[in-house]
Amino acid sequence: MFKHFKIINQEPIRFVVAIPTINRADLLNEALAHYFTDFKETLIVICDNGNQEIVSREHNFVIHRPETNLGVAKSWNLLMEFAEKQKATHVLMLNDDIYLGKTEIQIQSVLQIWKNMDFINSYQQWSSYILTVKAWKEFGKFDENIFPAYFEDNDAHYRMKLLDMNMVYTEKLNPVIFRNSMTIDKDETLNENFLKNRSYYIKKWGGVPDKEKYLRPFNSIPVELK
């Protein structure tokens, strides 16, 4: 199920490919046709929030179908939780409207180059990133109060930054096919909470992304200092 390779003084890296989706099965199926070859020996797990017709394969493939749309943060958490149960160390999280164009060998190479990184991101708006299960648990998982989308990535990034986690951006994770917000393009109602989520983020961190003021959520005081 997993590709293994050894790292000196570290446990073997085991990664899964995870993809949340709600309404772009047309684009996802195009990508999966390639991923089934690109990631022959790697487990691919899908969180389908839209009960879509998604192509499958007999091995190394799992689809979760929630009864309702979980939103991005909760979908990411579900996929990370699944990866943890599979004893994966890393998750390669992909948008459903891109095609990564990398193989499992190339992803292994990325993980070897940045084996000490908690978070490895592309330059394409969190459309393709690698997160360690350990880091995900340490920063407190994705904030499910942010629904259905937007600002959950900023929130996670800021919390990782506060914890001084190791993060890097690389073109090695840039998708060869990148389409911006095709999910919203198909259903604009999924964006109706944008301003609400923005207000929540400001309330939580004292400013918009890159202008945060608080070192703790909602400027809270630690219990031990009260």
With sequence neighbours excluded, tell me which residues meet ring pair (Phe, Tyr, Trp, His ring centres under 6.0 Å) with F61. F36

Test side-chain hydrogen bond (donor to acceptor under 3.5 Å, both in side chains) applied to T21 - qualifying residues, sequence neighbours left out: Q52, D96

Can you find a pair of side-chain heavy atoms, one from L173 and one from I120, that are under 4.5 Å apart? yes

Counting only N and O atoms by type, is there a donor-acceptor contact under 3.5 Å from the side chain of K74 to the main-chain atoms of I146? no

Validation row: D26, R24 side chains within 4.5 angstrom (heavy atoms): yes

Identify, with sequence neighbours excluded, every residue that meets side-chain contact (heavy atoms from CB on, under 4.5 Å) alongside F147. N69, N193

Sorted by chain and number, sequence neighbours left out, side-chain contact (heavy atoms from CB on, under 4.5 Å) with Y214 holds for W205, N219

Checking the side chain of N197 only, and the main-chain atoms of A149 only, is there a donor and an acceptor separated by less than 3.5 Å? yes

Side chain to side chain donor-acceptor pair (under 3.5 Å) pairs, two or more places apart, involving residues 130-144: N77-W136, N77-E144, E84-K137, D143-N145, D143-Y200, D143-K204

Can any side-chain N or O of S220 pair as donor or acceptor with the backbone N or O of R216 at less than 3.5 Å? no

Listed partners of F82 passing ring pair (Phe, Tyr, Trp, His ring centres under 6.0 Å), at least two apart: H64

Minimum heavy-atom separation for K102 and I107, please, with both atom names. CB-CD1, 4.1 Å

Side chain to side chain contact (heavy atoms under 4.5 Å, CB included), paired with E152, selected from W76, W126, Y201: W76

